[in-house]
Every structure is written in structure tokens, then in C-alpha cells.
Undergrad: 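The structure follows.
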Amino acid sequence: MKTSGFPVLMLGGAVVLLMCGATANAEDVSSAFVYHGSLIDDGTAVTGDCDLVFTLWDAASGPGDTQIGLTLVFDSSTTPIALDGGTFTVSLDFGPGAFNGEARWLQIDVCCLSPCSPGYTMLDPRQQLKAAPHAVRAVEGVGPPNAINVDAATGKVGIGTGAPSKELDVVGDVQASGTIASGGSVSLDGTTHTISSNADLEMHVSSGRALRIEPDLNSPNLIGGYSGNSVLPGTVGATVAGGGQSTNTNQVTDDYGTISGGYGNQAGDNAGTTSDKMHATVGGGRQNKASHWYTTVGGGQVNNASGPYATVGGGYGNTASNSNTTVAGGSTNTASSSASTIGGGEINSAVGYGVVVAGGWQNTAGGSLASIGGGHANSTGGSRATVPGGQSNTANGDYSFAAGRRAKANNQGAFVWGDSTDADFTSTGLDQFLIRAGGGVGIGTNTPAEQLDVAGNIHASGTIASGNSITIDGTPGSENIASSAALELHTSDGRTLRLEPAATGTLVSPNLIGGSDLNSVTVGVIGATIAGGGRNDSADIYDSPNRVTDDFGAIGGGLGNQAGDDDEITTNAYFAVVGGGQSNTASGSRATAGGGSSNTASGSWATVGGGWNNEASDSVAARSLSSAEHVAARLIGITGLTTARVLCGNYVTVEPRRREFLKLRRRQKRCDLRVRSAGG
């Protein structure tokens, strides 16, 4: 029933509506909600029926405000509102799209007169609706984006989806400022698994932080393991996979550094600049440092790779301190020169460019491009020198080699092999090959009977020198020195004997050339003999060698003698003989000059026994420049010939028994002397 007479619900000149709250209908989840209100008029609660009109707006007042959804009218012709003690309850439904999470204001127009005249009074100001009406704004299974949907059949709740597949199914981002607690395990299931953070993101376990992710536009830092592990501020792309402890944290100090695990490790030089020693790596271990760009320490303890591109594989207390150096392992090894390498062992040093120490103990490789295979207390000092192993060996000469015990290759190109004797064995000159072998050196035999025992042939193109004497010991008749070419024997004065094999086959005799090394046999001559003599002193006026120019010629000694006619035909003055003397020539076939000086036997079978300046130029003739008669007499007396004729005109006849010398008048300077037997 309406009342009339004055404006209703006035309180101090205003109509007041108190909003006590709003709840959703739990039995029928829809876009409707229940509104509870209280209407007071000048301090007195209104009782009776009133007409109310409800509208929804997007602003507290105009202009520019917009009504949202339906206009809800409750009057005497439809559903009047009955007030009891000033309170009322009404169900409001402005439609499914009225609430989308944005702010909303409720406008109420009221009229408690009957009839309602002059019209409705708007309660001012509009009432802002709080969270409850916004939360319930979708029907079951259907709703606009970001709605909360409850599947009544399964009890699953969907946010942003009308068909939740899990107990809580959220389509969109989730923000939490507190703790997300898990009763057991949490699984991420789907095509793409993403946990996003606009700041540093940490994951904790009961013992504290287990993983920290520091964002960066190019590459984030990942810090795992002990909560004290760190990346120097400003560093990008750094990785600490794990490890660390309270007093030995892992730290990356330069961009893109990596520590896989262990503790007390450092990647970078920690000098404050994060981009100068990038890409350093420590695989793990304890208290290792990779402190230059692209350096690597694989593991171990207290290792340090401090040169660019340097590597320490592991071990203890190893250092690779120059560019491209490597220590593979071992203990207390140091590779300090560029491109040097130590394979392992203990207390080894690589101090020369490109040197290698494969292992061992207390070895030092100096020089450049030198190598030590192992052993103990070995060293190199020469370029490209080598010590393969052993003990206390030294290769200080360039390209030198020392092996065994206390071998010292101190000269360029020296090769020194020392046996087990505890004494130095040292090179004394360039390019020597020295062997100290107390048990002998065997070639082709493993049981050497002498210092050098060769089972087989020996070939030498140079000089075989003897420090004292050479003994050929063996079965009688089998002691041979063989050569397929000319063979020479030398003393300190030079060549003393030359043996030349026959030029035309094996069934003729070789040439034997003794004496001065200028004595000679014409090329192509066979069976020649120079027993000795000759000289090669250019300061001596008698400097002249002995020569054989025709086959089977022979010279017994002396100097400046010639056997043969030296006409380049080796077969027309063969079997010539000079016994000795000086400057004698036997140039006829089978001719003989026995000795003396400046004698010539030029006829076939001619003979000059000796003397000076004699000549035998006809067959079976003797020639003399000083006393033909003496020659004739001696020939007759000694040989038993009966007649001697001097061609210059006189004959001398002597009985064989008298054996006396007869004087002849020499009518000319040169005379030919012929001798014949009596009656002949």
C-alpha cells in the first residue's frame, strides 16, 4: 500500500540507501545475485511497500557514463518491495555480460507514495558494487573469458575455461605473492612448459635456494647448487650447474663462463670486467680456476688454466699459464710457454715454445719444439731436441738426441746413447753419433762378441779410420776385405794403397797402386803394379809421381818413373818394368829400366840396368850416354856373350872367360850398342 503527502525517505535532505552486502545463489549459479538493503527516512526505518528501479552503470556519475545491462523495475504492478523495519532483499540479474571484472555502480530509484507522484527519486550517490557480484557471473559450463566455472558433476574449477580438465584448470597467467605449497609432487603436462618471471627467479628446497635464474635480454644466468654460488653482477650467459658449499662456493666472473660442479671453482679472472676473460670452463673438482678466455679445467684439485685457450685436464696442482698450453693430468706440472704440452707425471716443466713432456718425473723441456718422452730428471735445451726417456739425459744441441742414462747431447745434431753406467757420456762435436754400450753393439745379431758385431756386409762411402789397429780374426783363408769398386787404404799422410778391380772382367789381375796418392794407372789398364815411391810435395823440385800407362806394367818404387809409352793405347807397350830410381822410363814392350836416373828403355825387350841418362832403343839393346863400352864389357863379362858391337863403327870381341873391360874410343855422343854370342 502506497503512502502519500511528502517526499519519502529523506535523511537530512537526502534519501539514503545502505548496502549491507550481496551473495551469490549457491543453488543456481547464474548471472543473478541477491541484494540486501536498508531504507531509512530521517532516522526512521521505512515499513510498507515501495516501488524500486535498479540500473547498472560503468561510472559513479555522468556525463559520459553508460548503463550496463537491463533496467529492473519492482512496483505495485509487478513485484513491489515490502520493507520490514527498513530492510529488504531482492534478486538482481542485469544479464550474463553485465560483469566482466571492470568496476560497476548500482543506481536505485525509489517511490513510496501511492500513487507514485510526481515520480521516482534517485538515491544519490550511486552505490559501487564490490567483489561478490563480479565473482558469480557465468552459468555452469558457459561463461565469458576469465570467468570462474565450477563443474557441478566433477567438482573441477575452471578459470578462463568452461570445461576444466583438472581440479583447477587455468587458461591464462597466474600471479601469486605468497607461497605455493605442494602436498606431494607437481607435474607440468603439455606441449610447452613455461614458468615466467619478469625478475630473478629462484627455486628453493628445504635446505635453501637450489636454482637461481637471472634474466638477460641476450642470455640469462643459471646458478644452481649451493645458495652461495654466484655470478658477478653484469655477467651474461653464465652457468653454475651445481656444487659449492659454505666455505667453497663456485663463482663465474666473466661472460659465458661455465662451472659444472664441484666446489671452490672459478671461471673468469674476477678482475671486475666481465667481458675480458669470456668463455672459461671448469668441469668440476675442487678449487680449480679457468681464468682466461676459452680456458678449460676439466677437474681435479687446485689446477689453474691461466693462458688463453689453455687446458688442464685434471690432476693436482697443475698449471697451464700461456696461450694454447696443455697439461693433461698428473701432479704439480707446469706448461708455461706457448703451445707447450705435458701429458702427465709429476713436477714436469714445459718452458719452451711448442715443447712436449709426455710424462715422467722432474723433466724439463726447454728450447723450442723439443720433446721428452718420460723418465726422470731429463732435460732439453736445443731446438727440436729429443730425450725419449731414461734418467739424467740432456739434449742441449739443436736437433740433438739423448737416451739411456746420463747421455749428454750438447752439440748440434748429436745423437748420444748411454747405457746404464752411472757416468756422463758427452758429445764433443757437431752431428756426432755416439754409443756407450758395455755389452757391445750388435747389428744382425743379439749376442755381440765385440764392441761392434755386424752379422752381414758393411758398406761405407767415406773413410774408415782406426784409432790404433785393426785385426781381422777368423778361419784361416777367410779373412777378407771385399770391395766391388776401387779400395783405398789411408794413413795420416793420405792414401797409401789403392786397389782397382780389373776393368775387363774377373779373370785378370787388378791394379795395385802404392806409395804417393798421386801415383796412378791409366784408365783401362789391367794388371798394373806400383809398389810404392812417388811424391806429391809441390815445393820439391823432384815432385813427381810414378805412372803405369800400359797393361801389366810394373814400377818397384822411386819417383817420376813411367812403365809404358803413354800413347793412350794400353796394349802396345805392356809388361814394361821400372825397378826404381828416378825419372826412368820403360816404354817398349817388355822393356826394363832397372834403376838409376833418367834412363830410357824404349825398344821391345830393351834393358837399361841402371846408371844415368842411358837409353836402349832397339830390340835387345842397351843405350848409354856416358860409357857404352863399359856397358858392353859388363854385358859380355857377366852374361857370357862373346861379341859387343858399338854401332858408331868399332867392335869389341871378348872371350867369355876373361871378363875384362876394354876401352873404346867414343866417336860420337850417342852410340847404339849391340851384343851377340860368339859366332853369331
Side-chain angles (χ1 to χ4, degrees), residues 174-306 310-316:
V174 176
Q175 177 178 335
S177 60
T179 300
I180 300 176
S182 170
S185 62
V186 177
S187 298
L188 299 177
D189 185 18
T191 303
T192 302
H193 317 299
T194 302
I195 298 175
S196 299
S197 174
N198 292 326
D200 295 344
L201 176 63
E202 293 188 352
M203 294 185 179
H204 288 239
V205 295
S206 59
S207 58
R209 189 194 78 193
L211 178 63
R212 176 181 173 87
I213 302 173
E214 298 177 347
D216 181 80
L217 183 62
N218 295 312
S219 178
N221 300 322
L222 280 74
I223 309 170
Y226 177 64
S227 60
N229 293 341
S230 64
V231 170
L232 195 69
T235 302
V236 300
T239 302
V240 179
Q245 61 174 218
S246 60
T247 57
N248 288 281
T249 62
N250 293 323
Q251 183 182 31
V252 175
T253 68
D254 288 77
D255 295 345
Y256 301 100
T258 301
I259 298 176
S260 297
Y263 67 73
N265 300 311
Q266 177 180 309
D269 63 353
N270 197 21
T273 302
T274 66
S275 59
D276 60 339
K277 301 297 185 293
M278 300 189 296
H279 306 285
T281 301
V282 177
R286 176 182 177 185
Q287 294 173 329
N288 298 307
K289 284 185 179 182
S291 55
H292 218 294
W293 60 71
Y294 301 101
T295 55
T296 302
V297 177
Q301 181 178 356
V302 200
N303 298 308
N304 187 6
S306 58
T311 301
V312 177
Y316 173 80

Undergrad: Please tabulate, one pair per line, all N/O donor-acceptor pairs under 3.5 Å involving side-chain atoms of residues 293-301, not counting sequence neighbours.
TA:
{"residue": "Thr295", "atom": "OG1", "partner": "His292", "partner atom": "N", "Å": "3.3"}
{"residue": "Thr295", "atom": "OG1", "partner": "His292", "partner atom": "O", "Å": "2.8"}

Undergrad: Can you name the nearest heavy-atom pair linking Leu232 to Gly272, along with the distance?
TA: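 Taking every non-hydrogen atom into account, CD2-CA, 4.3 Å.
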Undergrad: Residues in side chain to side chain contact (heavy atoms under 4.5 Å, CB included) with Ser260, at least two apart?
TA: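 Side chain to side chain contact (heavy atoms under 4.5 Å, CB included) check on Ser260 returns Thr258.
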Undergrad: Do Gln287 and Asn248 come within less than 4.5 Å of each other through their side chains, counting heavy atoms only?
TA: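 A side-chain contact under 4.5 Å exists here.
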Undergrad: What pair of heavy atoms forms the shortest contact from Tyr316 to Val302, and how long is it?
TA: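 Distance-wise, the nearest heavy atoms are CE1-CG2, 3.9 Å.
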Undergrad: Enumerate donor-acceptor pairs with a distance under 3.5 Å from any side-chain N or O in residues 250-257 to protein atoms, sequence neighbours excluded.
TA:
{"residue": "Asn250", "atom": "OD1", "partner": "Gly264", "partner atom": "N", "Å": "3.2"}
{"residue": "Asn250", "atom": "OD1", "partner": "Asn265", "partner atom": "N", "Å": "3.0"}
{"residue": "Asn250", "atom": "ND2", "partner": "Gly242", "partner atom": "O", "Å": "3.0"}
{"residue": "Asn250", "atom": "ND2", "partner": "Gly262", "partner atom": "O", "Å": "2.9"}
{"residue": "Thr253", "atom": "OG1", "partner": "Asp269", "partner atom": "N", "Å": "3.3"}
{"residue": "Thr253", "atom": "OG1", "partner": "Asn270", "partner atom": "N", "Å": "2.9"}
{"residue": "Asp254", "atom": "OD1", "partner": "Asp269", "partner atom": "N", "Å": "3.1"}
{"residue": "Asp254", "atom": "OD2", "partner": "Lys277", "partner atom": "N", "Å": "3.3"}
{"residue": "Asp255", "atom": "OD1", "partner": "Val236", "partner atom": "N", "Å": "3.1"}
{"residue": "Asp255", "atom": "OD1", "partner": "Thr274", "partner atom": "OG1", "Å": "3.4"}

Undergrad: Mind listing the closest non-hydrogen atom pair of Ala290 and Ala280 along with its distance?
TA: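 Result for this residue pair: O-CB, 3.2 Å.
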Undergrad: Report the residues that fulfil side chain to side chain contact (heavy atoms under 4.5 Å, CB included) with Lys289, sequence neighbours left out, ordered by chain and then residue number.
TA: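 In terms of side chain to side chain contact (heavy atoms under 4.5 Å, CB included), with neighbours along the sequence ignored, Lys289 is linked to Gln266, Asn304.
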Undergrad: Quick one: ring pair (Phe, Tyr, Trp, His ring centres under 6.0 Å) partners of Tyr263, sequence neighbours excluded?
TA: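 Not a single residue meets the ring pair (Phe, Tyr, Trp, His ring centres under 6.0 Å) criterion with Tyr263.
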Undergrad: Which pairs pass ring pair (Phe, Tyr, Trp, His ring centres under 6.0 Å) with one or both residues in residues 223-249, sequence neighbours excluded?
TA: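 Residue pairs with at least one partner in residues 223-249: there are none.
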Undergrad: Quick one: which residue pairs count as a salt bridge (charged side-chain N to carboxylate O under 4.0 Å, His left out) with a foot in residues 220-248, not counting sequence neighbours?
TA: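 Listed once each, the pairs would be none.
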Undergrad: What pairs meet the side-chain hydrogen bond (donor to acceptor under 3.5 Å, both in side chains) rule with one or both residues in residues 208-221, with sequence neighbours excluded?
TA: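 Non-adjacent pairs meeting side-chain hydrogen bond (donor to acceptor under 3.5 Å, both in side chains): Asp200-Arg212, Glu202-Arg212, Arg212-Glu214, Glu214-Asn221.
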Undergrad: What distance do Leu201 atom CG and Leu222 atom CG have between them, rounded to the nearest 0.5 Å?
TA: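 So the gap between those two atoms works out to 10.0 Å.
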Undergrad: Can you name the nearest heavy-atom pair linking Pro220 to Pro215, along with the distance?
TA: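 Looking at all heavy atoms of both residues, the shortest contact is CB-CA, 4.2 Å.
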